[in-house]
2 protein chains.
Amino acid sequence: MGDDPGVGDTRRGRPTMNDVAAAAGVALKTVSRVVNQEPGVNAATAERVHAAIDLLGYRRNDSARTLRSGRTASIGLVIEDVADPFYSSLSRAVEEVALRHGHLLFTGSSRESPERERELVLAFCARRVDGLIIVPAGQDHGYLEPEFADGIRAVFADRPPGAGCEADAVLCDNVGGARTATAHLVAGGHRRIAFLGDSPTIFTARERLRGHRAALAEAGLPYDEGLVTMGPPDPDRLRADLARLLAAADPPTALVTGNGRFTVDTLRALAALSPAPVRLGAEPYLGGLALVGFDDFEPADLLGITVVAQDPGRMGRTAAELLFGRLSGDEGPARRAEVPTRLIPRGSGELPPA
Amino acid sequence: MGDDPGVGDTRRGRPTMNDVAAAAGVALKTVSRVVNQEPGVNAATAERVHAAIDLLGYRRNDSARTLRSGRTASIGLVIEDVADPFYSSLSRAVEEVALRHGHLLFTGSSRESPERERELVLAFCARRVDGLIIVPAGQDHGYLEPEFADGIRAVFADRPPGAGCEADAVLCDNVGGARTATAHLVAGGHRRIAFLGDSPTIFTARERLRGHRAALAEAGLPYDEGLVTMGPPDPDRLRADLARLLAAADPPTALVTGNGRFTVDTLRALAALSPAPVRLGAEPYLGGLALVGFDDFEPADLLGITVVAQDPGRMGRTAAELLFGRLSGDEGPARRAEVPTRLIPRGSGELPPA
DNA sequence: ACCCTGTGTGACAACGTTGTCAGCAGGCCT
DNA sequence: AGGCCTGCTGACAACGTTGTCACACAGGGT
């Protein structure tokens with residue numbers, strides 16, 4: 001006595017099926033049947049049970065359900081960073097599909113740290129998620145073996161799993177997209193095209209560089225290492241690299257940027273380097289420097305930036321559907337899906353060489 | 001016999017504490033102690049247990065743990081849309097704090113649907129999350145009562161809970177921010193300032209309009225309903241509204257946009273309406289129409305758009321920390337935290353009236 | 001001899017649900 | 001009558017963990 005914040009009820013805590021059963025004057029199991037909409041319950045009985053449920057405010061405890069049945073109706077999603085528009089679009093698509101399949105979604109951002117990726121994945125597994133969608137930060141997925149053995153399914157998105165890991169993957173056509181970007185500039189008359197990409201430790205960055213090189217080779221143009229800069233996103237470094245590139249004896253007349261963040265950072269760097277205000281749209285862009293960005297970004301249309309668009313929504317949807325296919329018994333060998341890219345000309349990529 | 005995809009082991013499925021105990025030659029409870037790092041286990045025994053754990057690839061089943069102990073070490077986050085940069089920044093901050101507290105995060109997007117908000121929240125509750133952070137779509141949170149009674153804590157973010165719901169909330173200084181935006185334009189000499197906002201069913205939209213009106217009143221300017229358009233985001237409607245506004249006998253010389261999406265959509269509409277290419281940065285913007293946007297967005301700096309910036313990261317952090325405070329026993333009355341806004345002049349808001 | 005304390009360990013019940021099986025009517029067939 | 005369905009309901013064990021309590025043993029004081 002004294003501090004009793006209890007409700008008007010004599011019981012404490014959440015009502016269980018047992019409480020409902022007692023209130024409805026039926027057996028526990030009958031309540032279970034009603035809650036799970038199992039057939040074979042008399043309509044009048046079911047009605048009484050429903051009344052008791054409403055009266056007590058009963059809600060099923062999914063932990064117990066999970067423990068007993070083994071299915072959690074939830075999946076885990078590990079991406080690089082929720083705040084990156086590319087991944088948040090992917091995230092939304094996954095969420096959509098998961099919800100349609102009656103599943104809930106755990107999310108976590110690895111921040112490009114393999115260790116954090118591993119921790120998140122294992123934490124999801126400890127929660128017994130039914131499946132995983134992973135944008136891997138690391139290259140080694142041996143830690144998933146026990147989980148696979150236990151029947152957890154995983155689909156990799158945006159980047160393939162590490163060597164030796166047989167799992168589904170949904171990738172973007174990185175090589176083709178980058179080749180298209182560079183080829184587009186070549187077709188516009190450019191001969192010296194710089195490539196500004198993410199760290200070569202990242203799969204997509206390497207692939208896109210491959211595509212860039214392929215386009216140069218197909219056009220019979222030399223591959224000049226001095227025109228390539230790669231590394232983790234860092235506005236200062238990027239600005240320095242750009243300044244160096246533009247000050248060279250034989251500067252590039254066009255740029256290809258390796259992802260959305262790099263495109264925006266590049267524009268910022270150009271604005272900072274430019275003596276005159278940056279003018280966009282149909283206007284010549286910084287003295288005629290052409291630009292094609294890999295990956296579309298929100299107001300790229302306003303800025304008149306030509307891009308090779310990925311489709312993160314489609315990637316997320318594909319990955320999620322692949323996963324749910326697996327969860328409903330699809331047992332074939334590991335699959336690899338490729339999401340195409342699309343060139344969207346908006347002006348910046350159509351400027352002729354200066 | 002026949003189809004036995006089993007591993008080299010005779011057992012099926014995931015090893016349990018019992019299996020580990022058998023392998024290590026100790027009792028189940030000892031394994032539990034080791035796994036949970038409870039004190040009072042002999043170092044040599046613990047070593048044997050660890051060896052058995054590694055050997056079998058054992059991982060604790062959190063569903064059972066949850067069932068027994070009642071704590072899930074997970075929280076639920078319901079936002080409006082992950083793909084909206086404002087909410088994804090908020091999301092990231094929440095994730096960060098959750099991880100620091102050793103909690104995992106369920107996320108879901110309500111898409112501005114009260115029903116979906118409710119479903120997500122209740123699904124999270126069925127999973128027995130320890131707490132919730134909710135950006136409410138609906139106005140009625142009576143459905144949370146049974147959950148509160150059961151000890152689940154909730155913090156509302158960006159928008160307050162419905163009437164009668166005593167819960168913590170973290171809000172942005174909507175009124176103050178909007179007042180600042182309009183006052184800034186007034187100080188620049190503008191007398192006819194249009195307000196383009198989200199649907200008045202949304203709390204933040206109403207509050208921001210209030211701030212706008214307050215600034216007008218403080219400046220002794222009339223409030224002209226003809227200069228206000230509100231409604232759910234729809235580029236076509238916005239363009240039509242803008243066309244109407246600009247074609248009026250006494251058109252506005254400045255705009256205030258009610259959130260990031262509206263700012264970008266407005267720019268798009270202006271670009272579409274403009275005969276000349278849009279020029280940004282320090283250039284006069286579409287014939288001198290000034291603009292201040294509520295809410296910062298990614299390349300607003302590049303576009304030279306003056307904004308009143310919110311701080312979604314801080315909002316998420318504050319909400320999450322408030323929640324974890326509650327989870328660790330803070331029992332005071334419901335709190336309301338306000339996150340300040342900040343005017344960032346970038347050119348578009350400093351243009352004088354045409 | 002006694003009790004006491006501390007250290008390490010284990011047996012057992014409990015958490016709230018679902019799967020299995022058994023039971024009890026009532027009806028319809030042989 | 002006896003047998004056998006079909007429709008509905010309930011008793012009970014099990015899922016894998018943690019909390020509670022008890023026990024065995026060693027050491028140190030009386």
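To find a chain, count down the sequence lines: A is the first, B the second, and so on, and within it residues start at 1. Bear in mind the structure is a predicted one, so any value in this text is a computation, not a measurement.
Listed candidates were D:dC15, D:dT18, C:dT18. Nearest to the side chain of B:S69 is D:dT18. Between C:dA11, D:dT17, C:dT18, one nucleotide has an atom nearer to the side chain of B:A27 than all others, and that is C:dA11. The side chain of B:V26 sits closest to C:dG10 out of D:dT17, C:dG19, C:dG10. You'll find that the side chain of A:R65 is closest to C:dT18, out of D:dT17, C:dC15, C:dT18.
Taking atom CG of B:N42 as the reference point, atom C1' of C:dG6 lies 14 Å away to the nearest angstrom. As rounded to whole Å, 18 Å separates atom C1' of C:dG8 from atom CD of B:Q37. Note: CZ (B:R71) to P (D:dG19) measures 12 Å, nearest angstrom. Atom CZ of B:R33 and atom C1' of D:dT20 are 11 Å apart (whole Å). As rounded to whole Å, 17 Å separates atom P of D:dA14 from atom CG of B:L67. Regarding B:N36, its CG atom lies at a distance of 17 Å from the P atom of D:dG16, rounded to whole Å. The distance between atom CG of A:L28 and atom C1' of D:dT9, rounded to the nearest whole Å, is 12 Å. Separating the CZ atom of B:R68 from the C1' atom of D:dA14 is a distance of 16 Å, rounded to the nearest angstrom.
No engagement by B:S63 is indicated, since no non-hydrogen atom pair under 4.0 Å with the nucleic acid exists. Heavy atoms of B:D62 sit nowhere under 4.0 angstrom from any nucleic acid atom. Within 4.0 Å (heavy atoms only), B:V35 reaches no atom of the nucleic acid at all. As judged by a 4.0 angstrom heavy-atom cut-off over every strand, A:S32 is placed among the base-contacting residues. Within 4.0 Å of A:T45, counting heavy atoms only, lie sugar-phosphate atoms of the nucleic acid but no base atom.
Close to D:dG16, at under 4.0 Å from its OP1 or OP2, lies no side-chain N or O of B:R14. The phosphate of D:dT9 (OP1 or OP2) has no side-chain N or O of A:T30 nearer than 4.0 angstrom.
Where B:M17 and A:K29 meet DNA chain D, the nucleotide closest to each residue was compared, and A:K29 sits on the side nearer the 5' end. Both B:G40 and B:R128 sit near DNA chain C, but only B:G40 has its closest nucleotide nearer the 5' end. Toward the 5′ end of DNA chain C lies the nearest nucleotide of B:G25, the other residue of the pair B:G25 and A:A64 mapping further downstream.
If you take CZ on B:R153 and CG on B:L327, they are separated by 7.5 Å, rounding to the nearest 0.5 Å.
Using a 3.5 Å distance cut-off with no hydrogens or angles, the side chains of B:E117 and B:H141 do pair a donor with an acceptor.
The backbone N or O of B:P146 lies less than 3.5 Å from no partner atom in the side chain of B:D150, so there is not a single donor-acceptor pair.
Taking the six-membered ring where tryptophan is involved, the planes of B:F324 and B:H103 are perpendicular, since the angle between them exceeds 60° and thus also 30°.
Listed here is the closest heavy atom pair of A:F86 and A:P312: O-CB, 3.4 Å.
Partner A:I75 forms a side chain to side chain contact (heavy atoms under 4.5 Å, CB included) with one of A:L132, A:I152, A:V94 and no other, that one being A:V94.
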